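Fair warning: this is a prediction, and the values are worked out from it, not measured in the lab.
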Amino acid sequence: ELPLGRDLGAGASGFALLLTANGIGVVLGSLSGARPGGLAEYKRRYIGGAAAVATGLIGMSVLPWYGAALAAFVAFGMGNGLVVVHERLIFQLAIPQRLMGRAFALLDALGAWGFVTAYLVAGLTVSELGSRGAIGVAAGGMGLVVLYALVALRRAAAPVSASESVVGRT
């Protein structure tokens, strides 16, 4: 984000506003998890969120002016919020309760390693392609995630029985 802020001519306060736009998007996207729905609806919201992340990244990579970049950061953040909340709701409906701890441990471990890998690759990519080029590569990667999710979630198992699900329990 910092190299992109610099490319857009944003100073410190402009950079802070880009991150704020992202944060507002994350809050709005995350709140969608409060709406009721079943497994099919959660899958649609997850895919919509992943598509919003890809769209936000595309916008960040090509939009030439700061105001448009703010909108792209909101779209990216909303998609991120949708994905994070709905992947966990999908897990809670699709995975038997007895496997829940292991499933979430694996999800979080893979996510942590994904961040490490992404930061290493991103640094090299920004050095070679610049901030917009690197974000464009990320947009392409996210597009592949959307395509994969469309196939994988269509094939995903039906919800577990109510006695094995943890959704709605307090």
Side-chain angles (χ1 to χ4, degrees), residues 1-37 39-92 107-154 156:
E1 296 117 353
L2 187 55
L4 178 61
R6 195 171 35 247
D7 290 352
L8 291 167
S13 61
F15 176 68
L17 281 174
L18 288 172
L19 294 182
T20 301
N22 177 65
I24 289 169
V26 169
V27 169
L28 294 173
S30 296
L31 287 174
S32 71
R35 292 191 343 240
L39 186 60
E41 179 61 25
Y42 295 157
K43 289 177 183 181
R44 279 192 289 279
R45 291 180 199 167
Y46 177 89
I47 291 169
V53 168
T55 301
L57 288 168
I58 290 168
M60 289 178 210
S61 71
V62 300
L63 294 171
W65 53 282
Y66 182 79
L70 282 171
F73 269 78
V74 170
F76 174 83
M78 284 184 76
N80 190 19
L82 280 161
V83 165
V84 169
V85 168
H86 289 90
E87 75 185 3
R88 293 179 181 278
L89 290 170
I90 290 166
F91 263 50
Q92 290 179 27
L107 176 68
D108 290 339
L110 291 174
W113 281 105
F115 272 111
V116 170
T117 304
Y119 283 123
L120 293 172
V121 171
L124 296 170
T125 308
V126 169
S127 296
E128 293 299 317
L129 302 177
S131 64
R132 290 182 185 266
I135 292 170
V137 169
M142 196 62 203
L144 293 174
V145 168
V146 171
L147 293 175
Y148 177 77
L150 284 168
V151 173
L153 290 177
R154 188 173 301 138

side-chain contact (heavy atoms from CB on, under 4.5 Å) involving Ala75 - partner list, sequence neighbours excluded
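Residues passing side-chain contact (heavy atoms from CB on, under 4.5 Å) with Ala75: none at all.
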All side-chain contact (heavy atoms from CB on, under 4.5 Å) counterparts of Tyr66, not counting sequence neighbours:
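side-chain contact (heavy atoms from CB on, under 4.5 Å) list for Tyr66, sorted by chain: Leu8, Ala10, Leu17, Leu18, Leu70.
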Mind checking the [atom1]-[atom2] spacing from [X] to [Y]? Nearest 0.5 Å is all I need.
X	Y	atom1	atom2	value
Arg154	Lys43	CZ	NZ	10.0 Å
Ile47	Leu153	CD1	CG	5.0 Å
Leu129	Ser61	CG	OG	11.5 Å

Over all heavy atoms of both residues, which pair between Pro36 and Tyr42 is shortest? Give the atoms and the distance, please.
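Nearest pair, atom of Pro36 first, then Tyr42: C-OH, 4.4 Å.
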Would you name the heavy atoms of Ala72 and Gly59 that are closest together and state the gap between them?
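Minimum heavy-atom separation between Ala72 and Gly59: CB-C, 3.9 Å.
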Where the side chain of Ser30 meets the backbone of Val27, is there a donor-acceptor pair that is under 3.5 Å apart?
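Not at all, since once roles are kept as given, no pair shorter than 3.5 Å links the two residues.
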What do the steps show when you test Asn22 against Val74 for side-chain contact (heavy atoms from CB on, under 4.5 Å), and what is the final call?
CA-CA 5 Å; Asn22 177 65; Val74 170; over 6 Å; no
Under 3.5 Å donor-acceptor pairs involving side-chain atoms of residues 114-128, not counting sequence neighbours:
unit_1: Thr117; atom_1: OG1; unit_2: Trp113; atom_2: O; d: 3.0
unit_1: Thr125; atom_1: OG1; unit_2: Val121; atom_2: O; d: 2.7
unit_1: Ser127; atom_1: OG; unit_2: Gly123; atom_2: O; d: 3.0

Could you give the side-chain donor-acceptor pairs of residues 131-145 under 3.5 Å, partners two or more places apart or in another chain?
unit_1: Ser131; atom_1: OG; unit_2: Asp7; atom_2: OD2; d: 2.2
unit_1: Arg132; atom_1: NH1; unit_2: Met60; atom_2: O; d: 3.2
unit_1: Arg132; atom_1: NH1; unit_2: Leu63; atom_2: O; d: 2.7
unit_1: Arg132; atom_1: NH2; unit_2: Leu63; atom_2: O; d: 3.1

Do Val53 and Leu57 come within less than 4.5 Å of each other through their side chains, counting heavy atoms only?
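With C-beta onward as the side chain, the pair touches.
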Please collect all side-chain hydrogen bond (donor to acceptor under 3.5 Å, both in side chains) contacts where either partner lies in residues 9-18, sequence neighbours excluded, each pair once.
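Listed by first then second residue: nothing to list.
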Please report, to 0.1 Å, the donor-acceptor pairs under 3.5 Å made by any side chain of residues 81-88, with sequence neighbours excluded.
unit_1: His86; atom_1: ND1; unit_2: Leu82; atom_2: O; d: 2.9
unit_1: His86; atom_1: NE2; unit_2: Arg45; atom_2: NH1; d: 3.4
unit_1: Arg88; atom_1: NH2; unit_2: Asp108; atom_2: OD1; d: 2.5

